[in-house]
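This report refers to the structure that appears directly beneath it.
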Amino acid sequence: MTNTVFPALAFEPDAQAAWSCPSNIALVKYWGKKAGAVQWPANTSISWALGDLRAQTRLSYRKGIEPGSLEFFLDGKRKESFEPKIRDFFQRVYKDDSCSTALREAIDGGSFRIDSSNNFPHGTGIASSAAGFGALALCLADLQQQWDTQRPLQMDLASRWARLGSGSACRSLYEAPAIWGLHPDVAHSSDDYAVPHTGAVASSLQGWKDCVLIVDAGEKSVSSTQGHALLDSNAYAQVRFEQAQENLGQLLVAFEKGDVESFMEVVESEALQLHAMMMVSKPSFVLMRPGTLAIIEAIRAFRSETGAQVCFTLDAGANVHMLFSPVDENRIVNNLLPSLLSHCQDKQYLCTALDRGPEKLSS
Ligand code: DP6
């Protein structure tokens with residue numbers, strides 16, 4: 001259990017739980033939802049944990065006080081604008097089959113206060129919802145376990161609940177690469193929750209790092225949720241979903257064989273397919289910026305000149321995730337990275353390890 005400092009409370013909670021949870025970066029992307037459930041993915045995705053980019057969240061519960069009240073504090077300041085989304089999230093958990101009677105009674109009959117903070121700066125364009133919903137889902141699963149010791153806290157339950165907040169959040173629950181969505185090559189894969197990749201990962205694909213180059217720190221013009229919905233009317237959607245399934249299979253083979261070339265090819269293709277789908281949506285939208293393309297070209301040029309094991313991926317935004325092997329860390333950090341910073345807003349970037357999962361905190 002890690003020690004943390006959350007703000008002191010003016011009341012004595014009846015129950016409390018605190019967790020820290022990383023954000024994650026998809027290698028094969030989730031883009032498009034299946035009908036029939038809350039956030040079922042149209043294809044399988046796989047991600048690495050952004051181990052050092054984390055949310056720390058404490059959930060405090062009071063019985064019988066202002067039933068149904070929920071307050072959210074970010075860095076000690078009340079953020080009422082976030083509360084409707086969190087209320088919806090609690091209602092989705094409430095309706096989920098795996099929510100216990102005790103947790104339902106608590107949601108009906110008590111008040112909750114959430115204190116959360118991210119350890120990465122705001123205004124960097126880095127989505128905090130995956131880390132935030134991951135941590136909050138863990139806190140709820142922890143309370144459920146405190147009230148019903150017959151139900152041990154299981155990561156697949158927390159992952160299932162995190163999905164109800166934001167799809168990609170369900171992949172933040174594991175230290176190992178996380179796979180979400182049914183796939184014939186992955187035993188126990190599910191649309192309901194992510195599972196840790198239990199197959200072999202050759203040493204050449206272990207210990208990789210990510211430097212996130214902040215090209216645009218602003219709000220995205222189209223949210224991920226809106227972007228997903230546009231797939232329903234996108235003529236290329238079915239082909240994209242099939243390619244994602246194939247890419248996932250290829251990536252798992254690359255992990256097993258340690259085939260870095262094939263890994264980098266799949267990862268870059270996935271990033272570009274994601275943005276291609278945005279461009280061919282109706283209405284079309286482009287989230288890349290000139291700096292995004294300049295960085296992509298520079299990474300590819302450095303790789304072809306030096307043979308360094310470095311590639312890029314993209315989120316639903318302009319920022320570039322530069323993924324690289326520890327074998328080449330020195331030359332990438334000393335030679336390549338400085339040359340990319342002129343394309344970054346205020347020269348901002350954040351580097352992280354990719355193998356640290358959630359941690360229980362003392363509240
Ligand atoms: C491009 O999980 O943010 O990052 O389920 O609507 O909350 P909702 O969407 P979200 O979508 C993330 C999309 C992505 C790719 C990925 O993380 O797989």
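One-based numbering along the sequence shown.
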- Task: Specify whether F112 and Y61 have parallel, tilted or perpendicular ring planes, treating 30° as the upper limit for parallel and 60° as the lower limit for perpendicular.
- Result: tilted
- Note on the structure: Rounded to the nearest 0.5 angstrom, the CZ-OG distance for R58 and S117 is 10.5 Å
- Is there a side chain to side chain contact (heavy atoms under 4.5 Å, CB included) between D216 and T292 once you walk through the steps? CA-CA 9 Å; D216 189 343; T292 313; over 6 Å; no
- Message: Applying side chain to side chain donor-acceptor pair (under 3.5 Å) as the test, list every pair that has at least one member in residues 5-18; sequence neighbours left out.
- Response: Q16-S60, Q16-S363
- Item | Partners passing side chain to side chain donor-acceptor pair (under 3.5 Å) against S223 (at least two apart in sequence or in another chain) | Q226
- Message: Whether the N43 and W31 side chains hold a donor-acceptor pair (N or O, under 3.5 Å, no angle test) is what I'd like checked.
- Response: no
- Angle class for the W208/F263 ring planes (parallel below 30°, perpendicular above 60°, tilted otherwise)? perpendicular
- Message: I need the D115 CG to K77 NZ distance, nearest 0.5 Å.
- Response: 13.0 Å
- No-hydrogen, no-angle side-chain donor-acceptor test under 3.5 Å, R171 and S45: yes
- Task: Compute both the distance and the angle, then confirm whether R62 meets the cation-pi test with F11: under 6.0 Å from the six-membered ring centre, within 45 degrees of the axis.
- Result: yes
- State whether a side-chain donor-acceptor pair under 3.5 Å links D108 with Y94. yes
- Proximity of Y174 and H197 rings by center, below 6.0 Å: no
- Task: Taking atom types as modelled, find out whether D328 and Q309 have a side-chain donor-acceptor pair closer than 3.5 angstrom.
- Result: no
- salt bridge (charged side-chain N to carboxylate O under 4.0 Å, His left out) between R240 and E270, worked out: CA-CA 10 Å; R240 157 67 200 151; E270 274 291 316; 2.8 Å; yes
- Query: Does any donor atom in the side chain of K257 or S262 lie under 3.5 Å from an acceptor atom in the other side chain?
  - Reply: no
- Message: By the side chain to side chain donor-acceptor pair (under 3.5 Å) test, which pairs, at least two apart or in different chains, include something from residues 133-149?
- Response: W19-D142, S100-Q144, D142-Q146, D142-K360, D148-R151
- Message: Looking only at side-chain N and O atoms, does Q56 offer a donor or acceptor that is under 3.5 Å from a partner on S116?
- Response: no
- Less than 4.0 Å between a side-chain N and a carboxylate O, is that true for E71 and R78? yes
- Donor on one side chain, acceptor on other, Q39 and K33, under 3.5 Å: yes
- Validate the cation-pi geometry between R113 and F73: distance from NZ or CZ to the six-membered ring centre under 6.0 Å, angle to the ring axis within 45°. yes
- Query: Are D96 and W161 linked by a side-chain donor-acceptor pair shorter than 3.5 Å?
  - Reply: yes
- Query: So, the side chain of E83 versus the backbone of F72: is there a donor-acceptor pair under 3.5 Å, distance only?
  - Reply: yes
